[in-house]
Amino acid sequence: MTETEEAGCAMTGPAKEAQAGGKLYEIVRDELIEAIKSGVYAPGALLPSVREITVTWTVSTTTARKVVSELAASGWARSQGTKGYVAAIPDQGESTRTSEDQGAAMPQPIAGLSAARVPQVVTANGSLEVVTSACEVRSEPVPVEVAHALHATDPHARAIVRRSVAVDANGSPVQLRVSYTACEVGEGTPLETSDAIDKPWSKALSEHTGRRLTLAESAISARHPSDAEGAMLGLTPTACVLVRIDVTQDEDGQPIDYTMTVWPGETTRVDVLSLARNK
């Protein structure tokens with residue numbers, strides 16, 4: 001759905017009254033800015049999520065993400081990690097700047113976060129030497145792409161899902177890892193606890209499952225972060241992330257783990273020569 005098509009949908013408050021006055025994301029953005037200025041959202045108060053924006057203003061996810069990106073770029077919103085974005089007061093003169101004002105320039109990062117993030121170099125088949133600050137483990141249904149990679153034929157298949165965020169010396173999030181481990185190999189092991197595992201994930205898998213494991217697939221790509229990734233890493237929706245997907249199999253060739261590692265693209269470099277050096 002385009003912004004022109006969306007303009008005919010139901011909207012609320014000033015957004016509905018200003019329907020013909022500008023682009024839809026600008027209308028929603030300006031309405032939220034006015035709400036921050038008037039104290040509806042005091043500095044530090046949690047702002048509507050992307051999903052809440054899509055429902056309240058009847059807009060697409062793309063438009064809602066644009067709204068959040070504009071608020072963050074102009075200093076009216078600040079990331080609070082997994083909590084989402086909170087209201088903020090921009091520095092003098094910053095509040096009038098939007099992505100269109102900056103021409104072809106890249107969207108501005110969340111104030112204070114990217115500047116504090118320490119540049120990282122990761123080996124093509126490794127991870128960062130950083131400290132895990134938060135870890136969540138639960139049993140969940142697996143997404144379609146994970147079910148396919150793990151050769152799961154049951155449409156209701158579940159896995160032990162482990163989400164961990166690592167930070168640099170400044171406390172800024174620099175790595176998100178999400179691992180889907182087959183329940184039959186992970187249950188009853190430390191893999192299903194929220195205790196931090198700071199050793200390489202491949203070694204932890206082998207040690208705690210008692211199996212000889214090999215890497216069946218590994219690929220690195222670049223894209224925009226999902227809403228959850230952006231919240232956990234403190235990135236705007238239009239930022240770039242580097243994503244590595246690893247599929248690990250046992251000695252019988254059965255995939256037992258699907259791990260996705262996400263890094264902020266602006267401050268992370270992949271050392272591809274490390275592969276040649278390790279041969």
If you apply the rule side chain to side chain contact (heavy atoms under 4.5 Å, CB included), what do you find for Arg177 with Trp201, and how did you get there? CA-CA 10 Å; Arg177 177 185 289 152; Trp201 182 240; 3.8 Å; yes
Between the CD1 atom in Ile53 and the CG atom in Leu47, the distance rounded to the nearest 0.5 Å is 8.0 Å
Which atom pair, heavy atoms only, marks the closest approach of Val262 to Met260? CG2-CG, 4.0 Å
Short side-chain to backbone donor-acceptor contact, Arg211 and Glu207, under 3.5 Å: no
Please determine whether residues Val28 and Ile33 belong to a single hydrophobic cluster, defined as Ile, Leu, Val, Met, Phe, Trp and Tyr linked transitively by side-chain heavy-atom distances below 4.5 Å. yes
Is any side-chain heavy atom of Val241 less than 4.5 Å from a side-chain heavy atom of Leu235? yes
Atom CG in Leu233, atom OG1 in Thr267: separation rounded to 0.5 Å? 9.5 Å
Can you name the nearest heavy-atom pair linking Pro237 to Pro225, along with the distance? O-CD, 3.8 Å
Is there a donor-acceptor pair closer than 3.5 Å between any side-chain N or O of Thr54 and the backbone N or O of Arg51? yes
Residue pair Arg162 / Thr193: nearest heavy atoms and the distance that separates them: NH1-O, 2.6 Å
State plainly whether one hydrophobic cluster holds both Ile89 and Val86, where clusters connect Ile, Leu, Val, Met, Phe, Trp and Tyr through side-chain heavy atoms under 4.5 angstrom apart. no
Say you draw a straight line from CD1 of Ile256 to CG of Leu205; how long is it, rounded to the nearest 0.5 Å? 5.5 Å
Using a 3.5 Å cut-off and no angle test, enumerate the donor-acceptor pairs between side-chain atoms of residues 182-192 and protein atoms at least two apart in sequence or in another chain.
from   : atom 1 : to     : atom 2 : distance (Å)
Thr189 : OG1    : Gly186 : O      : 2.7
Thr189 : OG1    : Leu191 : N      : 3.1
Glu192 : OE2    : Gly188 : N      : 2.6

Inter-residue atom distance His224.NE2 - Thr238.OG1, 0.5 Å rounding: 6.5 Å
Can you tell me how far CD1 of Ile27 sits from CG of Leu32, rounded to the nearest 0.5 angstrom? 12.5 Å
Is it the case that the side chain of Thr63 and the backbone of Val59 share a donor-acceptor pair, with hydrogens and angles ignored and the cut-off at 3.5 Å? no
Under 3.5 Å, which donor-acceptor pairs link side chains of residues 141-161 to any protein atom two or more places apart or in another chain?
from   : atom 1 : to     : atom 2 : distance (Å)
Asp154 : OD1    : His156 : N      : 2.9
Arg158 : NE     : Ser139 : OG     : 3.1
Arg158 : NH2    : Ser139 : O      : 2.7

So, Glu52 side chain and Ser49 main chain: donor-acceptor pair closer than 3.5 Å or not? yes
For Ala87 and Ala42 the tightest heavy-atom approach is CB-O, 3.4 Å
Will you find, in the side chains of Glu70 and Trp76, an N or O donor that is under 3.5 Å from an N or O acceptor? no
Evaluate the side chain to side chain contact (heavy atoms under 4.5 Å, CB included) criterion for residues Ser206 and Arg212: first the C-alpha distance (whole Å), next the side-chain angles of each, then the deciding distance (0.1 Å), finally the verdict. CA-CA 6 Å; Ser206 180; Arg212 289 178 52 192; 6.0 Å; no
Side chain to side chain, Val243 and Ile220, heavy atoms closer than 4.5 Å: no
Kindly indicate, with the supporting measurements, whether the criterion side chain to side chain contact (heavy atoms under 4.5 Å, CB included) is fulfilled by Tyr25 and Arg65. CA-CA 9 Å; Tyr25 79 84; Arg65 286 177 174 172; over 6 Å; no
Check: Thr268 side chain, Pro264 main-chain N or O, donor-acceptor pair, under 3.5 Å: yes
Glu229 with Arg163: basic N within carboxylate O range, under 4.0 Å: no
Salt bridge flag under 4.0 Å for residues Glu136 and Arg138: yes
Measure the spacing between CE of Met232 and CG of Leu176 and express it to the nearest 0.5 Å. 6.0 Å
Can you sort out the partners of Ala222 under side chain to side chain contact (heavy atoms under 4.5 Å, CB included), two or more places apart, ordered by chain and number? Cys240, Leu242
Measure across Leu213 and Thr248 and return the closest heavy-atom pair with its distance rounded to 0.1 Å. CB-CG2, 3.7 Å
Under 4.5 Å between side-chain heavy atoms, counting indirect links through other Ile/Leu/Val/Met/Phe/Trp/Tyr residues: same cluster for Leu71 and Val40 or not? yes
Of Thr261, Thr259, Asp246, which meets side-chain hydrogen bond (donor to acceptor under 3.5 Å, both in side chains) against Ser179? Thr259
